[in-house]
J.: 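This is the structure I want to talk about, given as structure tokens.
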Number of protein chains: 2
Amino acid sequence: MTSRPGARERLLDAADELFAAGGFASTPVDAVLARAGVAPATLYAHFGSKTGLQAAALSARLRRWDDAWAAAVAAADDDRTRLLAVFDALAAFRSTGTPSRWCAFLDAAAGAADDDAVAATALAQDTALLRGRLGELAAPVAGDRAEELAEHLLVVVSGALAMALRTDPDRAFAQGRATAAALLAGWR
Amino acid sequence: MTSRPGARERLLDAADELFAAGGFASTPVDAVLARAGVAPATLYAHFGSKTGLQAAALSARLRRWDDAWAAAVAAADDDRTRLLAVFDALAAFRSTGTPSRWCAFLDAAAGAADDDAVAATALAQDTALLRGRLGELAAPVAGDRAEELAEHLLVVVSGALAMALRTDPDRAFAQGRATAAALLAGWR
DNA sequence: GTCTATACCCGGATAGAC
DNA sequence: GTCTATCCGGGTATAGAC
């Protein structure tokens, strides 16, 4: 048990929390530095730029989200519950650490300029993870129409995330789960 | 038929197009001024600030979206098609003028700081419009469960808008319509 | 009302010492 | 690797003339 994490680690943690909570665009580098207790030059030595820090933070966040979702799936009993577990995972993931406003990956893409490769890549990886695992989990339920069902659920998940901007995020995730459940109830 | 619209009008048009296309946060005032062919002082004389201009532009945009959606509903034949018309309206609305990246109201809220009243108000009005009309249109289909169905559809519409960040917007809207249709097909 | 010119400040990034 | 101090640009907003 190390006494205190290194500067790099603290920068990543601070960036992840603050970017997710306040949005990347409207979170100044100074805020990250202050929370991490680190000097500006240290940030640029490690990550090169604010965008570089964002890329590293989003990459780490994607891994953690992947794990959290996998854990929620593992905790579910039947095929249908495993499909809906993504919404429980969203709520659980949000409750760890500083709560995020909505989705950090969608936020990165929304706030970025059109030619921002970092944001586009991060969102693409998140989308691939969602589409892929939803497809796997949909197979036992929808058979050869698994991809079709997965795409529907991807819309609902994205909708739940966007709804977090319109209303309370916890409410949004619960509503997303209900919508997905209604979709499954009438499936086929 | 006036020869050339006034500066105020041109500012509103330019702001609407550029903010929707590039995002409010990453669109500098200079870009709006250049497109409108107007001097900085004129903007501040009319709207007070960049945020003031945003508020006026979003307000006008909401009215136009309202009209576009109503027109799409009026063009539909049956109850089910009227409910799904929102997706056709989204595609049609996007095809008028400079195409927007996703939803200007969600974008405003996503990019803004937590205490931004303009963005919050604009998004709240958009949400109220969606929820209200979806509820009305859902009544013939869902009866006393109209509000429940409307909330599901609000999630799907929001999902379609968020999906516009993940993939091609036209594709996203088409997928949203398909998801809503699947939901309706299994309703009850 | 609209222009030109400019002030001001915030925020990302760097220089150089330790 | 990390710090202190500073630079520099871009972007919002204003002063003052027409």
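Just so you know, these numbers use all the heavy atoms, side chains as well, and skip hydrogens, waters and symmetry mates. The chains referred to below are lettered A, B, ... by the order of the sequence lines, with proteins before strands, and numbering in each begins at 1. No experiment lies behind these values; they were computed from the predicted model shown.
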J.: For DNA chain C, what residues of residues 12-19 of chain A have any heavy atom nearer than 4.0 Å?
T.: none
J.: Who else is in B:Val32's hydrophobic cluster (ILVMFWY, side-chain heavy atoms under 4.5 Å, direct or via others)?
T.: B:Leu11, B:Leu12, B:Leu18, B:Phe19, B:Phe24, B:Val29, B:Leu33, B:Val38, B:Leu43, B:Tyr44, B:Phe47, B:Leu53
J.: With ILVMFWY side chains joined below 4.5 Å, transitively, what does B:Val118's cluster contain besides itself?
T.: none
J.: Under the rule for salt bridge (charged side-chain N to carboxylate O under 4.0 Å, His left out), what residues qualify as partners of A:Asp79, not counting sequence neighbours?
T.: A:Arg82
J.: Hey, does A:Arg177 have a side-chain heavy atom less than 4.5 Å from the side chain of A:Leu90?
T.: no
J.: Could you say whether B:Ala7 or A:Val29 is positioned toward the 5' end of DNA chain C, judged by the nucleotide with the nearest heavy atom to each?
T.: B:Ala7
J.: Between the side chain of A:Thr167 and the main-chain N/O of A:Ala164, is any donor-acceptor distance below 3.5 Å?
T.: no
J.: Can you work out whether A:Val38 or B:Thr27 has the more 5'-proximal nearest nucleotide on DNA chain D?
T.: A:Val38
J.: Side chain to side chain donor-acceptor pair (under 3.5 Å) with B:Ser59: which residues, sequence neighbours excluded?
T.: B:Arg63
J.: Name the first nucleotide and the last nucleotide along DNA chain C (5' to 3') that come under 4.0 Å of a heavy atom in chain B.
T.: C:dT2 to C:dA5
J.: Who pairs with B:Asp107 by side chain to side chain donor-acceptor pair (under 3.5 Å), at least two apart in sequence or on another chain?
T.: none
J.: With B:Arg94, which residues qualify under side chain to side chain donor-acceptor pair (under 3.5 Å), at least two apart?
T.: none
J.: Give the table of side-chain donor-acceptor pairs shorter than 3.5 Å for residues 135-145 of chain A, with sequence neighbours excluded, one pair per line with atom names and distance.
T.:
unit_1, atom_1, unit_2, atom_2, d
A:Arg145, NE, A:Glu148, OE1, 3.0
A:Arg145, NH2, A:Glu148, OE2, 3.1

J.: If every non-hydrogen atom of B:Lys50 is compared with every non-hydrogen atom of B:Ala25, which pair is closest and at what distance?
T.: NZ-O, 4.0 Å
J.: For residues 179-188 of chain B, run the donor-acceptor check on the side chains, cut-off 3.5 Å, and write out each pair with its distance to 0.1 Å, sequence neighbours left out.
T.:
unit_1, atom_1, unit_2, atom_2, d
B:Thr179, OG1, A:His152, ND1, 2.8
B:Thr179, OG1, B:Gln175, O, 3.1
B:Thr179, OG1, B:Gln175, NE2, 3.2

J.: Between D:dT14 and B:Tyr44, is there an OP1 or OP2 to side-chain N/O distance shorter than 4.0 Å?
T.: no
J.: Salt bridge or not for B:Asp66 and B:Arg133, using N-O below 4.0 Å?
T.: yes
J.: Between B:Asp114 and A:Arg101, is there a side-chain N and carboxylate O pair less than 4.0 Å apart?
T.: yes
J.: For DNA chain D, determine which residues of residues 49-60 of chain B have any heavy atom closer than 4.0 angstrom to one of its atoms, and list them numerically.
T.: B:Ser49, B:Lys50
J.: I need a per-nucleotide contact map over nucleotides 4-9 of chain D, read 5' to 3'. Cutoff is protein heavy atoms under 4.0 Å; write B for the base, S for backbone only, - otherwise.
T.: BB----
